[in-house]
2 protein chains.
Amino acid sequence: MLEARLQEAGTLKRLLDAIKELVTDANFECSEEGINLQAMDNSHVALVAVKMQPEAFEKYRCDRPMPLGVNLTSLTKVLKCAKDDDTCTLKAGDDGDVLGLLYEAKASDRIAEYEMKLMDIDTDTLGIPDTEYDASVTMPSAEFTRIVRDLSLLGESVRIEVNKEGVRFASEGEAANGNVLLKMTEAARQRWEDYDKDEEASGSAVKKEEGDEEGEGAKKGNVKKEVTDDDVVMVDDDDEDGEEEQEVKDDDDDDDEEETDEKRKKRKAGKQGKSSQPPKKPRTKKADGDGGDKGGVYIQLDQHVSLTFSLKYLVNFSKSATLSDTVMLMMSNDVPLLVKYKFGGGSICYYLAPKIGDD
Amino acid sequence: MLEARLQEAGTLKRLLDAIKELVTDANFECSEEGINLQAMDNSHVALVAVKMQPEAFEKYRCDRPMPLGVNLTSLTKVLKCAKDDDTCTLKAGDDGDVLGLLYEAKASDRIAEYEMKLMDIDTDTLGIPDTEYDASVTMPSAEFTRIVRDLSLLGESVRIEVNKEGVRFASEGEAANGNVLLKMTEAARQRWEDYDKDEEASGSAVKKEEGDEEGEGAKKGNVKKEVTDDDVVMVDDDDEDGEEEQEVKDDDDDDDEEETDEKRKKRKAGKQGKSSQPPKKPRTKKADGDGGDKGGVYIQLDQHVSLTFSLKYLVNFSKSATLSDTVMLMMSNDVPLLVKYKFGGGSICYYLAPKIGDD
DNA sequence: CAAGGCGGAG
DNA sequence: CTCCGCCTTG
C-alpha cells in the first residue's frame, strides 16, 4: 500500500511536463526509499531517471516495493486537473492496478479525487554505468536552456568542451557556426561548490542509481535508509516556516555589502526558486567581483573533455529547468553525458551517449 | 575590414524582425558612412531601405566599402542567439565571405561567437524616386500598427486621405466597412514639428535615400511645409469645440445621410483602442487641452492626398513599431507611399506604390 | 498577443 | 519528406 502526500501538485506537474515527451510509459517503482522511475526514451537513445525520496513528500508511506506502470500521457492529463498549489496525495493498493490521486485545495474547500488505470510495463531496467565523471559543470538551468535552444537553430549537434577556465558549447550548421563560452566565476564557485555534496551525504549520489535498481528488483528491505520518515515530516515543517519569512523579505539581491547569515540565506531562497538547496553554512568571504549573482558556471575538472551530443535531446532535457534553477552536466570522454536537475527531495537525471566521429 | 559594435543586440534583432518577412536576402552595404540595406520585397511590390549611421554604433570602423550579402533568415537565427542587452560586434574581413558576430554579456562571463556564411547577391539597386511629398503624417507608431491591423480584418486595402484637419484611413470589406479618423492636435504638432529636421541636418533626409546609394546625400530638405502652424492651431481649436459635429460631417463626405448611433459607436471604437485619442474633454479651451502626451497626429500638407494601399504590406511595415514610437507617412498623389521609422542613429523606410483605380 | 511546436496535407 | 496551418504556451 502506497500513500504519498506531496505539498504541491505543481512539482509533479512540472516533472511530468519535463519527461512526457521523452517517455510515454514508465514504471514508478515505489518502495520505502521513495519513488523512482527509469526509462529509455521512445527512440531508445536517451535514458531518464527520476528519483523522489521520501523527503520530497509531506507524508510518505510505502509498505512494500511495488511498480506502478503508468501511461505518462494519461497521468499528465489527470495532473492537469490539479491546481499547482493543491496538495496531492498518491495512493495505490497492493494489487497496484489503479493509482488514486487526491487533490486538496490549501483552503480545504475543494477536494478532487481521480483514479487512473495502471498497466504492466516490461521493465527493461538498464544498468547505468557507475561513472566517476572527469568533468562536472554546474550552471544556471536557464542558461543551459538558452544555449541549447540557440544552438539548435544552427545545427543538429553541439560539441561541449570543458577546461578549467570554462565550458564551451559549439555548433556548426549550414548557414552559420556558433559557439558560446561560459567562464568559471568565483561567485559561481561559492554558490555551487557544495551543491552536489548534500545529496551524496543523503544517499543519492549519481553513482547510486544503478544500485537502487538492483536493490528494488532483487532484494527488499535491504536498501540503505539514511532517512526516517519521521525526520521527513519535521524537516519539511521547518523548511516551511523558515522559507516563508525569508522570501517575503527578499527583494534585493544586489546589496550584499556585508553578508549576514540571514541575507545569505535569503538570497539563496530567491535564487533557487523551487529548488531544494539546503542552506549551506555562511561563507564570510564574498568576492562577487566577477559580477552578477546569477551568471557564471562552476567547474570541477579532472581531465579535459570534449564531447558531441544531439541538440534535439538536450533541448528536451532542458525542459526540466522548471524544476530547478541549477543544472549539472557531468561528462567523461566517451561515456554518456549526465544532465542532472535537483529539486526538493528528488532529482531528475538524463543520460545521453555522445556522438562518435563528427557526424 | 569592418568592425561595428552595437551597444544592444536587441536593436539589430528588432530590425531584422521587422524586415525578415518582406525580404529574404539583401546586401548590407558597409562603408565609412555606415551600413545601408536596400531591397525589394520578395514579390517585388514594396521596397525597404535601412540606414544605420556610424553614430548608431558604439564603435564603427569600415576601411573600405563592401557589400555583405546576407540571408536574412540565417541572420535572424544567429541574432536570436544574442540576448537583447548583449553587446553585439559585427566583423567582416575584406574578402567579405563571412560575417562574424560577437555577443558579450554585460557581466562578461559569457561570450558567444557566431560566423555566418555570406552570399553574392545581385544588387539590383533601385533608384528611389526623389519625391517632394505633398503630405506628411507623423503619428505614434503603435497607433498606425493598430489601425492597419484593425482594417486588415475587414478588407484588403485602405484608402488614406489627408487634409489639414487630419488623416483618415478607410477600408471596405465584404462584411463591413470601416474608417478611422485621426485629428491633428496641437500637442502632436509641438511634439513632432521638428521630428524630421534633425535628420535633415545630419544629412539623411528622406529624399536622400537615393542619393545615398550613389554616395552621399547631395541635397537636403524634403517636405514642403507651407502649412502655417497658426492655421493648424486654429483649426484644431475648432475641432475641440465641435468635435462631434465635425466628425459627423466628415462621415457625410463618404456616404452618410444621417448619423445613427451604431455608426457613431463603430467610429469611436475604431478611433480609440489603445490609441492616442484622448477622451474628449468638454472643450477646455486651447489645443493642449487635447493633451494626451502620446496621441494625436501631426500633419504637414501641401495638397490634399487620397491614396489606396494594400493593407497586407502596411501591416508588415508596421512591425517596425518595435523600433520607434513614432512613424511618418509621406505621400503624394500617384507616387509611392513612404513609411519611415527613425531610431537611434538610423532609420528604416518602406516604399509602397498605391493601388490604381479601386481594386 | 506572439512565437514555437505539432499535426495534417501535398 | 517538406510545407502550411492550427493549437498551445509564455
Side-chain angles (χ1 to χ4, degrees), chain A residues 9-24 41-43 46 71-85 140-156 171 173-175 273-274 310-325, chain B residues 9-10 12-22 24 42-43 71-85 140-154 269-270 272-275 311-312 314-325:
Chain A
T11 306
L12 205 49
K13 294 173 72 168
R14 286 191 297 272
L15 190 57
L16 261 103
D17 281 344
I19 63 173
K20 68 164 191 276
E21 284 195 24
L22 233 34
V23 180
T24 55
D41 85 292
N42 294 330
S43 45
N71 175 284
L72 299 191
T73 309
S74 304
L75 180 54
T76 300
K77 284 181 186 167
V78 173
L79 282 170
K80 278 205 201 304
C81 304
K83 297 173 84 172
D84 276 5
D85 60 348
S141 60
E143 183 99 58
F144 180 65
T145 303
R146 175 65 195 252
I147 289 170
V148 295
R149 269 195 61 204
D150 283 354
L151 295 181
S152 71
L153 295 176
L154 305 184
E156 305 265 296
S171 281
E174 307 242 321
K274 50 267 176 189
S310 155
L311 276 165
K312 178 181 146 205
Y313 285 96
L314 298 185
V315 167
N316 241 309
F317 300 169
S318 72
K319 291 192 204 295
S320 291
T322 53
L323 288 162
S324 171
D325 290 341
Chain B
L12 206 48
K13 294 174 71 167
R14 287 192 297 274
L15 189 57
L16 261 102
D17 281 343
I19 63 173
K20 68 163 190 276
E21 284 194 25
L22 233 34
T24 55
N42 294 330
S43 43
N71 175 284
L72 298 191
T73 309
S74 302
L75 180 55
T76 300
K77 284 182 185 172
V78 173
L79 282 172
K80 277 203 205 302
C81 303
K83 296 170 99 162
D84 275 5
D85 60 348
S141 60
E143 180 101 57
F144 179 63
T145 303
R146 175 64 194 252
I147 289 170
V148 295
R149 272 195 57 203
D150 284 352
L151 295 181
S152 72
L153 296 177
L154 305 184
Q272 295 182 350
K274 69 180 161 204
S275 86
L311 276 164
K312 177 180 146 209
L314 297 186
V315 167
N316 241 310
F317 299 168
S318 72
K319 290 192 205 295
S320 291
T322 53
L323 288 162
S324 171
D325 289 340

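Letters A, B, ... are given to chains in the order of the sequence lines, protein chains preceding strands, and every chain is numbered from 1. Because only heavy atoms are used, hydrogens play no part in the values below, and waters and symmetry mates are left out as well, while side chains stay in.
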Please report the distance, rounded to the nearest Å, between [atom1] in [X] and [atom2] in [N].
| X | N | atom1 | atom2 | answer |
| --- | --- | --- | --- | --- |
| A:L16 | D:dT9 | CG | P | 14 Å |
| B:K77 | C:dG4 | NZ | C1' | 13 Å |
| B:L79 | C:dA3 | CG | C1' | 17 Å |
| A:D150 | C:dA3 | CG | P | 16 Å |
| A:K13 | D:dG10 | NZ | P | 11 Å |
| A:L311 | C:dG4 | CG | C1' | 17 Å |
| B:R149 | C:dC1 | CZ | P | 6 Å |
| B:R14 | C:dA3 | CZ | P | 14 Å |

Just wondering, do [Y] and [X] contact through their side chains at under 4.5 Å, heavy atoms?
| X | Y | value |
| --- | --- | --- |
| A:K319 | A:D17 | no |
| A:K13 | A:D84 | yes |
| A:D41 | A:Y313 | yes |
| B:L15 | B:L12 | yes |

(message) Please pick, from C:dG4, C:dA2, C:dC6, the nucleotide with the shortest atom-to-atom distance to any side-chain atom of A:E21.
(response) C:dC6
(message) What's the closest nucleotide to the side chain of B:K80 if the choices are C:dC6, C:dG4, C:dC1?
(response) C:dG4
